[in-house]
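First up is the structure itself, then whatever we jot down about it.
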Amino acid sequence: MTYTPFFIEGADRPARWLITCDHASNMVPPFVGNGDLGLPSADMQRHIAYDPGALAVCQLLGLRLDAPVVASNFSRLVIDPNRGEDDPTLVMQLYDGTIIPANRQVDATERALRLDRCYRPYHAALAKLAARPDTVIVSVHSFTPQLRGREPRPWEIGILHSDNERFSPHLIAALQAPGDLCVGINEPYTGYLPGDAIDTHGTKMGRPNTLIELRNDLIAEAAGQEYWADRLADVLPQALAMSHL
């Protein structure tokens, strides 16, 4: 079977939304460590390897908004598509207390292989789908309820954005309006990382965008995935109308 580093659903859907899933998969391609990073299966099912639940939410959201979806098909531990090519965490050696054995001795040749066969094809596909002039990029991720040795994270959802982003503040307002959610604003991570996927395809290109982080215990099962896809499909158009973008 031929390996493909990304997949697309609904490329011809007419909505101006583009739904992206940078960390959709825990796949290790066969040309990387013969398909094995040296981690036990339990670690490859953790958030360190991918964003559990995020892909299903993206797929459902794409259907509800009649929007295309593009997703990576390689583990973030192989190479992280949500980092710039010069980012020192592009190939992680340690993540949430776990050493990644196959990444300890990654040299320039191996890094270039992963860039050429995983990272760059995904970004090329994303760029092609985002080329429509009125595109609004919605990047969906998930986060673990608690990092090892850290305090529990209280947020159900976080919205990440740069200081001058024009769409995300309206999305935050729409999510906060009912009063039933703990909404993180640039939580649990900073909202701007130079060279990341949103910066590359959204901010630098002047496209409205947002990065949504959902707590992964809330989207671990189908019912939660459906609930959050429904809720986001409701608030995203509201926020866009509020923004006048």
Problem set entry | Any residue meeting ring pair (Phe, Tyr, Trp, His ring centres under 6.0 Å) with F31, in chain and number order, not counting sequence neighbours | Y3

Seminar exercise, completed: F6 meets the ring pair (Phe, Tyr, Trp, His ring centres under 6.0 Å) criterion, sequence neighbours left out, with none

For this session: Would you mind listing every salt bridge (Lys or Arg N to Asp or Glu O under 4.0 Å) that reaches into residues 47-59, with sequence neighbours excluded?
Result: D51-R76

Problem set entry | Pairs involving residues 92-101, ordered by first then second residue, that meet salt bridge (Lys or Arg N to Asp or Glu O under 4.0 Å) (sequence neighbours left out) | R46-D96

Seminar exercise, completed: In short, ring pair (Phe, Tyr, Trp, His ring centres under 6.0 Å) pairs touching residues 124-156 with sequence neighbours left out are H23-H141

For this session: State which residues pass salt bridge (Lys or Arg N to Asp or Glu O under 4.0 Å) with D116; sequence neighbours excluded, sorted by chain then number.
Result: R120

Exercise. Is there any salt bridge (Lys or Arg N to Asp or Glu O under 4.0 Å) pair reaching into residues 175-187, and which pairs are they, with sequence neighbours excluded?
Worked result: D180-R231

Problem set entry | Listed partners of K204 passing salt bridge (Lys or Arg N to Asp or Glu O under 4.0 Å), at least two apart | D199

Which donor-acceptor pairs under 3.5 Å do side chains of residues 61-68 form with protein atoms, sequence neighbours excluded?
residue : atom : partner : partner atom : Å
R64     : NE   : D230    : OD1          : 2.5
R64     : NH1  : L60     : O            : 3.2
R64     : NH2  : E226    : OE1          : 2.4
R64     : NH2  : D230    : OD1          : 3.2

Exercise. What pairs with P169 under side-chain contact (heavy atoms from CB on, under 4.5 Å), at least two apart in sequence or on another chain?
Worked result: H161, E165

Problem set entry | By side-chain contact (heavy atoms from CB on, under 4.5 Å) - contacts of P145 (at least two apart) | R215, N216, D217

For this session: Give the other cluster members for M205, using side-chain heavy-atom distances under 4.5 Å between Ile, Leu, Val, Met, Phe, Trp and Tyr residues; answer none if it is isolated.
Result: none

